[in-house]
Amino acid sequence: MSTDSMRPGPHTEAAGVVLAAGAGRRFGGPKAEVWFDGERLVDRAVRLLRDGGCARVVVVSGAVTLRVGNATVVHNRDWATGMGSSLVAGLRAVHESAAVVVPVDMPWLGSGAVRRLLDSRARLAVATYGDRTGHPVLLGSEYFPAVTATAVGDIGARQFLTANRESVQYVPCDDTGSPDDVDTPQDLIR
């Protein structure tokens with residue numbers, strides 16, 4: 001039995017956050033609404049977080065209005081300024097003690113990566129794949145103010161995580177999926 005097929009109860013102390021506000025200019029339209037393997041990328045990301053153990057999921061919309069079942073949708077009116085403003089909007093909607101953040105355009109992430117971050121009981125954790133860091137990222141609520149203060153443009157939490165590297169727990173997730181993202185329609189044909 002694979003680790004992705006075993007589902008523990010939800011971690012009520014952690015919410016999932018899907019960053020889905022972009023216009024997808026290189027892709028040719030908003031990636032959140034792109035269909036892949038029978039579901040929209042936004043629905044796939046919500047399922048990933050739920051299957052990984054997040055009791056509640058927040059989806060950040062922007063370029064288009066999204067309707068998403070099984071999630072709370074918040075609109076980022078500043079979506080055009082970059083991913084940083086979407087991260088801020090998502091974290092402001094989280095009332096739980098932690099957030100697991102994923103971009104909408106990573107359809108090959110596995111729920112096992114989310115579960116590993118939650119099970120680590122870390123307050124600041126990043127999934128790793130070989131020698132590179134990736135998503136998901138887990139942020140304890142005590143870090144939300146500092147993350148939101150540094151989340152500008154398309155940087156997201158990167159600046160904060162780099163500055164606080166000694167506090168980050170790196171969680172190996174090589175066997176749970178792939179952190180590859182989708183930038184063009186050709187990326188979906190792999």
Side-chain angles (χ1 to χ4, degrees), residues 11 13-27 30-32 41-42 45-46 48-49 52-54 56-64 66 71-106 109 113-114 116-173 179-183:
H11 288 263
E13 70 274 7
V17 175
V18 179
L19 304 177
R25 287 180 189 92
R26 286 182 289 171
F27 191 86
K31 292 184 252 183
L41 290 183
V42 68
V46 169
L48 163 85
L49 290 163
C54 294
R56 189 171 76 90
V57 177
V58 174
V59 172
V60 182
S61 70
V64 294
L66 294 170
T72 301
V73 178
V74 297
H75 182 74
N76 173 16
R77 70 177 192 274
D78 297 324
W79 66 268
T81 64
M83 181 175 48
S85 64
S86 291
L87 179 58
V88 170
L91 293 180
R92 284 185 178 151
V94 171
H95 309 292
E96 290 79 0
S97 69
V100 179
V101 181
V102 297
V104 75
D105 65 351
M106 295 185 171
L109 289 177
V114 175
R116 283 185 189 167
L117 266 63
L118 291 173
D119 289 346
S120 75
R121 298 295 183 202
R123 300 301 298 157
L124 194 57
V126 175
T128 62
Y129 301 86
D131 60 353
R132 66 181 177 149
T133 58
H135 285 88
V137 172
L138 182 142
L139 304 168
S141 60
E142 66 272 24
Y143 296 110
F144 291 2
V147 170
T148 59
T150 59
V152 295
D154 280 325
I155 294 175
R158 188 179 328 134
Q159 183 177 346
F160 172 80
L161 293 169
T162 300
N164 292 279
R165 187 173 286 135
E166 70 285 346
S167 300
V168 176
Q169 181 170 335
Y170 296 96
V171 181
C173 294
D180 293 339
D181 64 347
V182 173
D183 286 323

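Given the structure is predicted, the values throughout are model-derived calculations rather than measurements. All values below come from the heavy atoms of this structure, side chains included, with hydrogens, waters and symmetry mates left out.
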Heavy-atom pair of closest approach, residues P172 and R116: O-NH1, 3.0 Å
Not counting sequence neighbours, list each pair that qualifies as a side-chain hydrogen bond (donor to acceptor under 3.5 Å, both in side chains) and has a residue in residues 81-91. N76-S85, N76-S86, T81-S85
By side-chain contact (heavy atoms from CB on, under 4.5 Å) - contacts of A23 (at least two apart): R25, A63, W79
Does any pair with a residue in residues 131-157 pass side-chain hydrogen bond (donor to acceptor under 3.5 Å, both in side chains), and if so which ones, sequence neighbours excluded? R123-E142, R132-D180
Partners meeting side-chain contact (heavy atoms from CB on, under 4.5 Å) with A127 (sequence neighbours left out): L117, Y129, P136, C173
Checking side chain to side chain contact (heavy atoms under 4.5 Å, CB included) against L138, which of L124, V168, L118 comes through? L118
Between E13 and R121, does the side-chain contact (heavy atoms from CB on, under 4.5 Å) criterion hold? Intermediate values first, please. CA-CA 11 Å; E13 70 274 7; R121 298 295 183 202; 2.7 Å; yes
Identify the residue among L87, V88, L91 that makes a side chain to side chain contact (heavy atoms under 4.5 Å, CB included) with F144. L91
How far apart are the closest heavy atoms of A71 and V46, and which atoms are they? CB-CG2, 4.0 Å
Excluding sequence neighbours, so at least two apart, what forms side-chain contact (heavy atoms from CB on, under 4.5 Å) with R158? I155, T162
Evaluate K31 against D183 for side-chain contact (heavy atoms from CB on, under 4.5 Å), listing each step before the verdict. CA-CA 9 Å; K31 292 184 252 183; D183 286 323; 3.8 Å; yes
For a quick test of reading the model, state the closest non-hydrogen atom pair linking V17 to A99 and the distance between them. CG2-CB, 4.1 Å
Can you pull out every salt bridge (charged side-chain N to carboxylate O under 4.0 Å, His left out) where at least one residue sits in residues 80-91? Sequence neighbours excluded, please. none
Mind listing the closest non-hydrogen atom pair of Q169 and S120 along with its distance? NE2-CB, 3.6 Å
What residues, two or more places apart in sequence or in another chain, satisfy side-chain contact (heavy atoms from CB on, under 4.5 Å) together with A20? V18, A32, V42, V59, L66, V104
If every non-hydrogen atom of C54 is compared with every non-hydrogen atom of V114, which pair is closest and at what distance? SG-CG1, 4.1 Å
